[in-house]
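Below is one structure, written out as structure tokens; comments come after it.
Quick note on labels: first sequence line is chain A, next is B, and so on, each numbered from 1.
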Amino acid sequence: MQQLSVKHLLGIKGLTRADIELIFETADTFKEVLNRPIKKVPSLRDITVANVFFENSTRTRLSFELAQKRLSADVINFSSSSSSVKKGETLLDTVNNILAMKVDMIVMRHSSPGSPHFLAKHIKANIVNAGDGTHEHPTQALLDAFSIREEHGEVAGKKVAIIGDILHSRVALSNIFALQLLGAEVMVCGPITLLPKYIKELGVKVELDVRKALQWCDVANVLRIQLERQQIKYFPSLREYSLYYGINKKLLDSLDKKITVMHPGPINRGVELSSDAADSDHSIILNQVENGVAIRMAVMYLLAQN
Amino acid sequence: MKILIRSAEIIAPNSQLNGQRRDIWIENGIIKNIANAGELPTTEAHRVYKDEALKVSAGWVDMRALAKDPGLEHQEDLYTVRDAAAAGGFTEIALLPNTHPFTQTKESIIYAKTKGNTHAVTVHPMAGVTIDGKGKDLTEMIDLHMAGAIAFTDGIKPVWHSDILVKTLQYLQTFNGLLINRPEDTLLTQFGNMHEGITSTMLGLKGIPAIAEEMMIARDLRFLEYAGGKIHFSTISTAKAVQLIRQAKHKGLKVSCDIAAHQIAFDDTALLEFDTNLKVNPPFRSQADIAALWEGLADNTIDAIVSDHNPLDIESKKLEFDLAEFGITGLETAFALINTYNKILSVSDMVEKLAIRPRQILQLPVPAIEEGQVANLTLFSTELEWTYLEKNIRSKSLNSPFIGQTFKGKPLAIINNGKIA
């Protein structure tokens, strides 16, 4: 049986193209399972997974939990909107307390970049990074690329524009790494203060005009404005942002080709994406959500084999 | 006590003995006799130092260390910081005022100078420029100077307030006092965790841009021209910073600067594994910056090498990267780092930057290796290979990325205040 080259999914950085292809092939199988009348397989029976979320999350946590249940894993959930440090307990102590209850796998979301890498140095359980601050969100990038593959047949050679707050987005960074590994061309677009100064060195194109970005791409991945992650003012107002960077149906219809629109959710309707665009036939947003479960099943299944 | 240093190569720039091998006889802290190598008898000495590659120079001076005493004595105190300094070859150390409470009264100066004063390492406390290091109200600098403050600085914090900076430069002229500033525009570095560049982008960590250091240096130099006085920039880290200071020196401004020894050991790509022991401010920069620092050392734009010793407990480091504190415990590895990575400096150059220039900047007498002079000496080897092991660390804290690393060159002993360590 094929195996992943890693013990943890800490980020897309660290994965090989073969790893991603293996995850996709496995997800294909699980997606088929999810469409059966009986959606459950016994693959992770006797495996206990803890979802440890130090940041608010609805869809990612639900998606992971559903994936775990479909795989017959035992699931426990720990949520804390404030970091455990503020309560006087370190991250390592919190996680070690959970592991002492004989947990095999940790799915963690945390506001600190590198926190799953830190954990990986100190604990034995498999770790899945469900988003670490402004660093990576690997399962989101995998499900995004998987959805592009599903919609367009393959990822290689496709042009993908990532639009919005690139600076604070773990989705952007993981997407760039995954798409490049799979042979896609990547462009980032947004207000210049929300683009990392050195982003070009990652081999991506940079565009400040959203219309030009849309005209260039096959797929537009529209990101959420991460107001909660901005510690400093980066742009004048949401009003100005939506006027000059917001995407609506009229803009999409004015292009000379039909492009695919994606969004990792939750959407700020009327800010980065208008309702008529989000609900149009350009959008594969709900397919992304569906694929998220299959991708997460594949990731946890494969990690449990290692 | 009678001490014999046998057949040691004397490293004393500007002395006729520079590069010569000699026996040195020390009695009760005074150099009694300097003779040809191998001439002096070993029999009467209480202590004999000999090694094939033994070198001796004026004792080294560290211009930048945190002692954490008073306030955080579990990380370091005035006794252990001297032990760590001695292990690093330093006979004198200048301590930053970032204690709790902040070093801003003459009592705190006297406390640091007297606590455990019977040691081979001499402590020189520096005093704060502003009350609590907040950058707003000046401390009583004349009184602090009279009590023995060797220089004025807000330490790990920059003197950011432009009017306070001008007034400090002016006020210190009363007694030819020295302002030491850590150049950092803290508005540009807030929430920053590492050098801003492609690596910080890839790690999703907010960057500390080079320009935050360079703008402050440019600004401070302009104020120096306006206000007069003198300024020492501590722990510079970027190529442009070196260039700005080089230009200012050519102009004749009274400016000097130092780098932290560890600054040349890593570039920013070392942080790819999120190792918090590599979290330091100023951050590890680019290879081009490191190359410029070496050039600056070689052409004497950079006057001194400091330890930037910042001992921290494990609770401050065994954390998520953005929550961990900045700092490395540096006293015991400063020389070994420079000597190991050095490709450009002569031994004399290193001694200039560790022993001579720091004293000139701090207005301390430079001890001469001559008969009749007080012995303030560091014995060292530039060849000896050794491994920095946790069990040998003299500091109370272990926050070093160099544990387990093998170095070339080691301080072997210090002699000062009539004592050896």
Interatomic distance, [X] atom [atom1] to [Y] atom [atom2] [nearest 0.5 angstrom]:
X: B:E320; Y: A:L119; atom1: CD; atom2: CG; result: 8.0 Å
X: B:F274; Y: A:H135; atom1: CZ; atom2: NE2; result: 4.0 Å
X: B:K206; Y: A:L167; atom1: NZ; atom2: CG; result: 8.0 Å
X: A:L173; Y: B:M202; atom1: CG; atom2: CE; result: 7.5 Å

By a 4.5 Å heavy-atom criterion (distance strictly below it), what part of A:K13 contacts chain B: side chain, backbone, both, or neither?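 Just the side chain, heavy atoms under 4.5 Å.
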Heavy-atom proximity to chain B below 4.5 Å, by part of A:L202: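 Both parts, backbone and side chain.
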Pairs where residues 115-124 of chain A contributes a residue and the test side-chain hydrogen bond (donor to acceptor under 3.5 Å, both in side chains) is met, not counting sequence neighbours: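 Every candidate side-chain hydrogen bond (donor to acceptor under 3.5 Å, both in side chains) pair involving residues 115-124 of chain A fails, so no pair, neighbours aside, qualifies.
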Going through the checks in order, is the side chain to side chain contact (heavy atoms under 4.5 Å, CB included) test met by B:T201 and A:I199? CA-CA 7 Å; B:T201 305; A:I199 193 82; 4.0 Å; yes
Would you name the heavy atoms of B:G204 and A:P113 that are closest together and state the gap between them?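 In this case the closest contact between B:G204 and A:P113 is O-CG, 3.4 Å.
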Name the option with the most non-hydrogen atom pairs under 4.5 Å to chain B; the candidates are A:A172, A:G114, A:A120.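 Highest number of heavy-atom pairs under 4.5 Å: A:G114.
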Tell me which donor-acceptor pairs under 3.5 Å the side chains of residues 191-199 of chain B have, and how far apart each pair is, sequence neighbours excluded?
| residue | atom | partner | partner atom | Å |
| --- | --- | --- | --- | --- |
| B:N193 | OD1 | B:K279 | NZ | 2.8 |
| B:N193 | ND2 | B:F191 | O | 3.4 |
| B:H195 | ND1 | B:R285 | NH1 | 3.0 |

Is any residue of residues 174-192 of chain A within less than 4.5 Å of chain B by heavy atoms, and which ones?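 Listed by number, the contacting residues are A:F177.
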Neighbour count >12 (heavy atoms, 6.0 Å) for atom [atom1], [X]:
X: A:I123; atom1: CD1; result: yes
X: A:K7; atom1: NZ; result: yes
X: B:Q247; atom1: CD; result: yes

Apply salt bridge (charged side-chain N to carboxylate O under 4.0 Å, His left out) to B:R219 and list each qualifying residue two or more places apart in sequence or on a separate chain.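 Per chain and number, B:R219 pairs via salt bridge (charged side-chain N to carboxylate O under 4.0 Å, His left out) with no residue.
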Could you tell me whether a side-chain N or O of A:S112 sits under 3.5 Å from a main-chain N or O of B:D322, the two making a donor and an acceptor?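 Side chain of A:S112 to backbone of B:D322: no pair is present.
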